[in-house]
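Numbering of ligands and ligand atoms starts at 1, following listing order.
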Amino acid sequence: MTNLVGKPPGEIQRELAPYCDLPFRSRQVAHWILQRHAVSFDEMTNLPAELRRRLQQLFTIGDPELVEATASADGARKFLFALDDGASVEGVAMPEDRKLTLCLSSQAGCALGCRFCVTGVLGPGRNLRPDEIVGQYRVMLRATGVDSDRVNIVFMGMGEPLLNTENLGTALEVLCERVSPKRITVSTAGIVPGIRWLAGRQRRPKLAISLNAPDQDRRAEIMPISRRYPLDELMREVRSFPLERGRRVTFEYVLIRGFNDAESDASLLVRLLAGIPSKVNVIPLNEDPEHLPGWRAPDALTVDRFGRTLAEAGLTVTVRWSRGRDVAAACGQLKGRRDVSNAPTPARPS
Ligand code: SAH
Ligand code: SF4
């Protein structure tokens, strides 16, 4: 059966047209799914019962299965989703002021192998389909009971979104039906052709770059992708990324003890970002002795000093001790539950 989740309005209407006597019926269904996030045809009370029954036999409205939700003391919630082939991914919901930020995964793993990242250390996973990407948003929205007007979306979960541009593009189209592209951020480890692809989109989300080191040598040491797309090439691409008035590029900088946390590194960073409307997120490394043995965060004083050096040079800086640390829900700590992929699928109660 065809799943209607993850399809843009035009496609939903095309799928349904043969079964609807009146053209506006298919628009009504699209509205229920895209605007009201319906999970079943039963909810679509303005449709004739006969039509609802018929559609139910032909189509599904299917989201990834939520298998576990873990609450953190700081209010973040981590969600584990089981996909239909046994792969699993995680998403995180983080309340901020009166908003809720939803962190979505784009792949069931990551092939880029950044050395400080649990997802990267655990290895590659397949691309998520549009329904699996949009489904994370739909499920987290339902579980938190928050209105989509108050939601920000960040692609900072598992995987490299710009290595899954085809499905990401469709998912963005669907998400933008309800959430303004101004409230969606795509984070990348620096896939240059992907950034160019994003730049060319009509409804362009915001761009975040995982920088994590102030020079090419050190960046290549912890982010192997930097050998393929060196820092100068990446920065050239970022400088030509179209920015509407008031928009900025976010730079994420994971602070690692003794590696990239010196005041001189902050100064190098200032020079690197000169002239770019930017926002720097300084993220003290989220430690994980099991998957990242030997990798440590700097002490609070060093973190403070680093942030202050950037701010004093005129950069906009936020220091973000990762949210959800106690439940390993921080972005970059997401790992799915990889053992389920080989386990037999448990029978679902009918
Ligand atoms: N692949 C994309 C998006 C997902 S990673 C990217 O790299 O941008 C999301 C963010 O988590 C990245 O900015 C990454 O630098 C950060 N991150 C990874 N591991 C981390 C860790 N151990 N502690 C803190 N942040 C981490
Ligand atoms: Fe992949 Fe991003 Fe983690 Fe690097 S930081 S391994 S690109 S998920």
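- Salt-bridge check for Arg53 with Glu50: passed, with a basic side-chain N closer than 4.0 Å to an acidic carboxylate O.
- The distance from ligand 1 to the heavy atoms of Asn212 drops below 4.0 Å at these ligand atoms: 15 (O).
- When the heavy-atom distances from atom 5 (S) of ligand 1 to Ala189, Pro161, Gly157 are ranked, the shortest goes to Gly157.
- For ligand 2, the atoms lying closer than 4.0 Å to a non-hydrogen atom of Gly120 are 6 (S).
- Between the side chains of Glu90 and Ser105, not a single donor N or O lies within less than 3.5 Å of an accepting N or O.
- Arg201 places a side-chain N or O within 3.5 Å of a backbone atom of Gly169 that can act as its donor or acceptor partner.
- Of all the heavy atoms of Val254, the ones lying under 4.0 Å from any atom of ligand 1 belong exclusively to the side chain.
- The CG atom of Leu100 sits 12.5 Å away from atom CG of Asp149, with the distance rounded to the nearest 0.5 Å.
- Under the side chain to side chain contact (heavy atoms under 4.5 Å, CB included) rule, Ser26 has a single partner from Pro9, Pro18, Cys20, which is Cys20.
- Checking Gln28 against Arg25 by side-chain atom types alone, a donor-acceptor pair falls below 3.5 Å.
- Here atom 10 (C) of ligand 1 lies nearest to Glu252 when heavy atoms of Met223, Arg320, Glu252, Glu160 are compared.
- Residue Met156 has no N or O atom closer than 3.5 Å to an N or O atom of ligand 1.
- Those atoms of ligand 2 with a heavy atom of Leu112 less than 4.0 angstrom away are 7 (S).
- Which parts of ligand 1 touch Phe155 is read off a 4.0 Å heavy-atom cut-off, strictly below it: atoms 3 (C).
- A heavy-atom separation below 4.0 Å is not found between Ala297 and ligand 1.
- Residue contacts with ligand 1 for Thr188 involve N, CA, C or O but no side-chain atom from C-beta outward (heavy atoms, distance under 4.0 Å).
- For ligand 1, one of its N or O atoms has an N or O atom of Phe116 under 3.5 Å away.
- Ranked by closest heavy atom to atom 3 (C) of ligand 1, the top entry among Cys117, Cys103, Gly159, Ser105 is Gly159.
- Within the coordination shell of atom 3 (Fe) of ligand 2, defined by N, O or S atoms under 2.8 Å, Cys110 is absent.
- Aromatic rings of Tyr253 and Phe306 (six-membered ring for Trp) have centroids within the 6.0 Å cut-off, being under it.
- Residues Asp299 and Thr302 have side chains that bring a donor and an acceptor to within less than 3.5 angstrom of each other.
- The proximity of Trp295 to ligand 1, defined as any non-hydrogen pair under 4.0 Å, does not occur for either the backbone or the side chain.
- Donor-acceptor pairing under 3.5 Å is recorded for the side chains of Thr188 and Glu160.
- Residue Ala189 has at least one heavy-atom neighbour below 4.0 Å for each of these atoms of ligand 2: 7 (S).
- Taking 2.8 Å as the threshold, Cys114 counts as a candidate ligand of atom 4 (Fe) of ligand 2, since one of its N, O or S atoms lies below it.
- Side chain to side chain, Arg248 and Thr316 meet the donor-acceptor criterion of an N or O pair below 3.5 Å.
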